[in-house]
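So the structure is just underneath, and the comments pick up after that.
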Amino acid sequence: MIRVAVVGHVEWVEFLRVERVPRPGEIVSASEVWSEPAGGGAVAAVQLARLAGHSTFFTALGDDEIGRRARDGLIELGVRVEAAIRDEPQRRAFVYVDGAGERTITLLSRKLVPHADDPLPWGDLAWTDAVYFTGGDQAAVHRARGARVLVATARELPTLAAAGVQLDALVRSGSDESEAYAPGDLDPVPRLAIATSGAAGGSYSVDGGPEQQFAGAPLPGLVVDAYGAGDSFAAGLTFALAERRSLAVAIAFAARCGAAVMTGRGPYGAQLPR
């Protein structure tokens, strides 16, 4: 049995499907509205649960009704939730999904993340095959490093740099300036650094070496919603590395996971590959 976990954040997301994102001063009507727990950590935790049959999510939740709804929603989606409760509102987000399936995100409050001194079962990570890290304090990175494989998002680059641990993989969007990364940004250099570029595939480097290209995966259907594609790619990579798949096979599998998510409503509406 493969043991997988996520250390990171969750947002309660309200989705609105519109023909286009409104221009300043414009009013648009939504053709569909729904809400569910999401955000990078939650998306990866659910996708890992689907791939591995289970996953554990180390997170922090607000002490309010929305925080409780987020926890219950993740449990219903098959995730074991280990959460510290913060005396503040649960983080929320507002997402437009336009007619082309592109998502536009507005974050409404502060990101809540777990800390190593929270009373969570951190010792379980020493028996875990792979962890995906999307948020936490510096000491939480060290806790996550107890797993055999540690994958992290470049959105947390300052925390990762301060922790100074060896990452097995760093995942980032090649088009998002907030996720920019150069080999000197982390010491030690990640064993694998991947930049995704949507349908075009992306690039990767091993041990800070020259960049190599990888191909995108064909979409298994029509584009419905791009939300969660990047974190589903990361979840697929985490799972494949936990299974000790070769680098080329792991990246190709991750690309198929990211592509699959784009064909369903929200991050959980499509069937992931195996």
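Worth knowing before you read on, the calculation uses all heavy atoms, side chains too, and leaves out hydrogens, waters and symmetry mates.
- Within the 3.5 Å criterion, the main-chain N or O of R69 finds no donor-acceptor partner in the side chain of D72.
- Neither V249 nor F233 shares a network with the other; the hydrophobic side chains, linked directly or stepwise wherever heavy atoms of I, L, V, M, F, W or Y lie under 4.5 Å apart, form separate groups for each.
- The shortest non-hydrogen separation linking A180 to L157 is O-CD2, 3.7 Å.
- In this structure, Y204 and V206 have side chains that are in contact, with non-hydrogen atoms separated by less than 4.5 Å.
- Between L237 and L241 the shortest side-chain heavy-atom distance falls below 4.5 Å.
- Residue pairs satisfying the ring-ring contact (aromatic ring centres under 6.0 Å, His included) criterion with at least one member in residues 147-190, sequence neighbours excluded, are absent.
- For the atom pair CG of L192 and CG of D207, the computed distance is 9.0 Å after rounding to the nearest 0.5 Å.
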For this session: Tell me, with the steps shown, if L219 and R256 meet side-chain contact (heavy atoms from CB on, under 4.5 Å).
Result: CA-CA 8 Å; L219 292 173; R256 293 200 302 275; over 6 Å; no
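- Legend: ring-ring contact (aromatic ring centres under 6.0 Å, His included) pairs involving residues 38-79, not counting sequence neighbours, sorted by first then second residue: F58-W122.
- A single hydrophobic cluster is not seen to contain both V81 and V131; linkage of ILVMFWY side chains at heavy-atom distances under 4.5 Å, directly or through other members, places them apart.
- Under a cut-off of 6.0 angstrom, the local environment of CD in Q166 is crowded, with over 12 non-hydrogen atoms contributed by other residues, nucleotides or ligands.
- Salt bridge D124/R80: present, at least one basic N to carboxylate O contact under 4.0 Å.
- Ion pair R71/E82 not flagged as a salt bridge, since none of the NZ, NE, NH1 or NH2 atoms sits closer than 4.0 Å to an Asp/Glu carboxylate oxygen.
- A donor and an acceptor atom, one from each side chain of W34 and E32, are nowhere located under 3.5 Å apart.
- The CD1 atom of I2 sits 13.5 Å away from atom OG of S55, with the distance rounded to the nearest 0.5 Å.
- The hydrophobic clustering, which links ILVMFWY residues whose side-chain heavy atoms are closer than 4.5 Å, places L61 and V7 apart.
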Exercise. Given F15 and V33, is the side-chain contact (heavy atoms from CB on, under 4.5 Å) satisfied, shown in steps?
Worked result: CA-CA 6 Å; F15 293 89; V33 179; over 6 Å; no
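- Other residues, nucleotides and ligands contribute only 12 or fewer heavy atoms inside 6.0 Å of the CZ atom of R244.
- Inter-residue side-chain proximity for V171 and V151 is flagged as met; some heavy-atom pair is nearer than 4.5 Å.
- In this structure, V97 is not a member of the same hydrophobic cluster as F94, with clusters built from ILVMFWY side-chain heavy atoms closer than 4.5 Å.
- Atom OG of S109 and atom CD1 of I66 lie 8.5 Å apart (nearest 0.5 Å).
- Within a 6.0 Å radius of CD in E88, more than 12 heavy atoms belonging to other residues, nucleotides or ligands are found.
- Using a 4.0 Å cut-off between charged nitrogen and carboxylate oxygen, D117 and R143 do not count as a salt-bridge pair.
- Taking all atoms of both residues into account, the shortest heavy-atom contact from E211 to S203 is OE1-OG, 3.6 Å.
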Exercise. Run the side-chain contact (heavy atoms from CB on, under 4.5 Å) check on Y96 and R103 step by step: do they pass?
Worked result: CA-CA 6 Å; Y96 281 117; R103 87 289 186 273; over 6 Å; no
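- For the residue pair A42 and V10, the shortest heavy atom distance occurs at CB-CG2, 3.6 Å.
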For this session: Decide salt bridge (charged side-chain N to carboxylate O under 4.0 Å, His left out) for R86 and D64; before the verdict, give the C-alpha distance in whole Å, the side-chain angles of both, and the deciding distance to 0.1 Å.
Result: CA-CA 9 Å; R86 303 281 185 249; D64 58 12; over 6 Å; no
Exercise. Could you walk me through whether L74 and E76 pass the side-chain contact (heavy atoms from CB on, under 4.5 Å) check?
Worked result: CA-CA 5 Å; L74 289 169; E76 289 178 5; over 6 Å; no
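- Side-chain contact check for W12 versus P89: every heavy-atom pair is 4.5 Å or farther apart.
- Taking every heavy atom of both residues into account, Y132 and T238 meet most closely at CB-OG1, 3.8 Å.
- Of the possible polar contacts, one joining the Y227 side chain to the G39 backbone as a donor-acceptor pair under 3.5 Å is found.
- Contact annotation: the side chain of V6 never approaches that of F133 to less than 4.5 Å [non-hydrogen atoms, C-beta and beyond].
- Hydrophobic clustering keeps V43 apart from L108 (ILVMFWY residues linked when any side-chain heavy atoms are closer than 4.5 Å, directly or through intermediates).
- When side chains are defined from C-beta on, P273 counts as touching F253, because their heavy atoms get closer than 4.5 Å.
- Going from atom OG of S232 over to atom CE of M262 covers 11.0 Å, rounded to the nearest 0.5 Å.
- In this structure, the side chains of L170 and L160 come closer than 4.5 Å at one or more pairs of heavy atoms.
- With hydrogens and angles ignored, the 3.5 Å screen pairs a side-chain donor or acceptor of D98 with a backbone N or O of A100.
- Remark: the backbone N or O of G62 is paired with a side-chain donor or acceptor of Q90 at under 3.5 angstrom.
- In plain terms, the two heavy atoms of A235 and Q47 that are nearest each other are CB-CB, 3.9 Å.
- Looking at R245, its side chain never comes within 3.5 Å of a backbone N or O of A248 through a donor-acceptor pair.
- Sorted by first and then second residue, the pairs that involve residues 183-199 and meet salt bridge (charged side-chain N to carboxylate O under 4.0 Å, His left out), not counting sequence neighbours, are D168-R191.
- Put simply, the side chain of I194 reaches to within 4.5 Å of the side chain of T196, judged on heavy atoms.
- The environment of CZ in R92 is sparse: at most 12 heavy-atom neighbours from other residues, nucleotides or ligands sit within 6.0 Å.
- L125 contributes atom CG, which lies 5.0 Å from atom OG1 of T128 (distance to the nearest 0.5 angstrom).
- Annotation for V261 and A229: closest pair CG1-N, 4.1 Å, computed over non-hydrogen atoms.
- R68 has a carboxylate O that lies under 4.0 Å from a charged side-chain N of D63, or vice versa, which qualifies the two as a salt bridge.
- In this structure, R265 does not pair ionically with D225, as no charged nitrogen and carboxylate oxygen lie closer than 4.0 Å.
- Between L107 atom CG and R91 atom CZ the span is 4.0 Å, to the nearest 0.5 Å.
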